[in-house]
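Just below is one structure, and these are the notes that go with it.
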Amino acid sequence: MDWDRLLNSAWEVRDHAYAPYSKFAVGAAVLSADGRVFQGCNVENLSFGLTNCAERVAIGAAVAAGCRDLMAVAVVADTATPISPCGACRQVMAEFGVKAVMMANRQQRMEMSLQELLPRASEGILDS
């Protein structure tokens, strides 16, 4: 896994985040099974529930390009510890088969499997 490539892509797109309310810019990059990288940044809204997380924006970009087989996600922010995807992002990652997640800040990286972050994401639901 070329985590450096994904992390660099996530840091690059983070600069485009639209975060006028929280001032909390997040960048994400997803890697498809065919090697393409798709970027996303958070896009806030005054009605905070309508805010789009960077991870879901990146996944949406992949889907819009016709890609539905995703392998890995890198997510970055200027936080005290490596940033972790929210629950909604974890569930969307599971929907598209993401297996590995790299969380990072400027000083640290933390790699986890999606299974560790979201155990039993669809067990018992899809096999009924």
Side-chain angles (χ1 to χ4, degrees):
M1 182 71 57
D2 186 356
W3 286 119
D4 287 334
R5 176 180 174 212
L6 276 183
L7 287 167
N8 289 337
S9 186
W11 281 115
E12 176 184 281
V13 73
R14 181 187 165 275
D15 291 337
H16 300 291
Y18 178 73
Y21 308 106
S22 71
K23 310 291 189 243
F24 185 68
V26 180
V30 298
L31 177 66
S32 68
D34 64 6
R36 291 183 287 169
V37 173
F38 299 92
Q39 297 175 304
C41 58
N42 55 319
V43 181
E44 290 183 354
N45 188 283
L46 181 60
S47 176
F48 224 64
L50 299 178
T51 293
N52 292 303
C53 296
E55 301 92 310
R56 284 182 279 149
V57 171
I59 291 169
V63 171
C67 181
R68 291 188 173 87
D69 189 9
L70 305 177
M71 298 175 47
V73 173
V75 58
V76 300
D78 284 321
T79 50
T81 60
I83 187 170
S84 183
C86 75
C89 288
R90 294 174 192 200
Q91 189 63 48
V92 172
M93 289 177 197
E95 180 74 20
F96 292 98
V98 170
K99 301 286 188 251
V101 180
M102 178 64 74
M103 303 163 284
N105 62 11
R106 299 282 181 184
Q107 298 80 32
Q108 298 173 288
R109 299 176 175 192
M110 180 182 297
E111 182 179 356
M112 296 184 82
S113 71
L114 188 61
Q115 177 64 25
E116 291 173 292
L117 289 171
L118 187 66
R120 298 178 45 89
S122 60
E123 292 178 35
I125 297 171
L126 298 178
D127 58 343
S128 62

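Each residue takes its place number in the sequence, starting with 1.
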Review point. When clusters are formed by joining ILVMFWY residues with side-chain heavy atoms under 4.5 Å apart, either directly or through shared neighbours, do V92 and V26 land in the same one?
Key: yes

Point to revise | Partner set under side-chain hydrogen bond (donor to acceptor under 3.5 Å, both in side chains) for T51, not counting sequence neighbours | key: none

Study note, to complete from the structure: Output for pair (E44 CD, L50 CG), nearest 0.5 Å, gives 12.0 Å

Point to revise | side-chain hydrogen bond (donor to acceptor under 3.5 Å, both in side chains) evaluation trace for D34 with S32 | key: CA-CA 5 Å; D34 64 6; S32 68; 2.3 Å; yes

**Study point:** For R56, all residues meeting side-chain hydrogen bond (donor to acceptor under 3.5 Å, both in side chains), sequence neighbours excluded
**Key:** none

Point to revise | Working for side-chain contact (heavy atoms from CB on, under 4.5 Å), residues M93 and L117 | key: CA-CA 10 Å; M93 289 177 197; L117 289 171; 5.8 Å; no

Check your understanding: Honestly curious: do W3 and L70 fall in one hydrophobic cluster under the side-chain, below-4.5 Å linking rule?
Key -> no

**Study point:** Side chains of P82 and N105 in contact at under 4.5 Å (non-hydrogen atoms)
**Key:** yes

Exercise for review: Look up atom CE in M112 and atom CG in L118, then write down how far apart they are to the nearest 0.5 Å.
Suggested key: 11.5 Å

Practice item. Report the C-alpha separation of D78 and K23 in whole Å, then their side-chain angles, then the decisive distance to 0.1 Å, and conclude whether the salt bridge (charged side-chain N to carboxylate O under 4.0 Å, His left out) test is met. Key: CA-CA 11 Å; D78 284 321; K23 310 291 189 243; over 6 Å; no

Review point. With hydrophobic residues grouped by side-chain heavy-atom distances under 4.5 Å, do V30 and V98 end up in a single group?
Key: yes

Point to revise | CE-CG distance between M103 and L7, expressed to the nearest 0.5 angstrom | key: 11.0 Å

Review point. So if you build clusters from Ile, Leu, Val, Met, Phe, Trp, Tyr with side-chain heavy-atom gaps below 4.5 Å, do V76 and M102 land together?
Key: yes

Point to revise | Check: F24 and T79 side chains under 4.5 Å, non-hydrogen atoms | key: yes

Check your understanding: Is it true that M110 and L6 fall in one hydrophobic cluster, defined by side-chain heavy atoms closer than 4.5 Å?
Key -> no

Review point. Is V101 close to P85 at the side-chain level, that is, under 4.5 Å between some pair of heavy atoms?
Key: yes

Revision key, fill the gap. Between the CD1 atom in I59 and the SG atom in C53, the distance rounded to the nearest 0.5 Å is 10.5 Å

Check your understanding: So, for R90 and S84, which heavy atoms are closest and what is the spacing to 0.1 Å?
Key -> NH2-OG, 2.6 Å

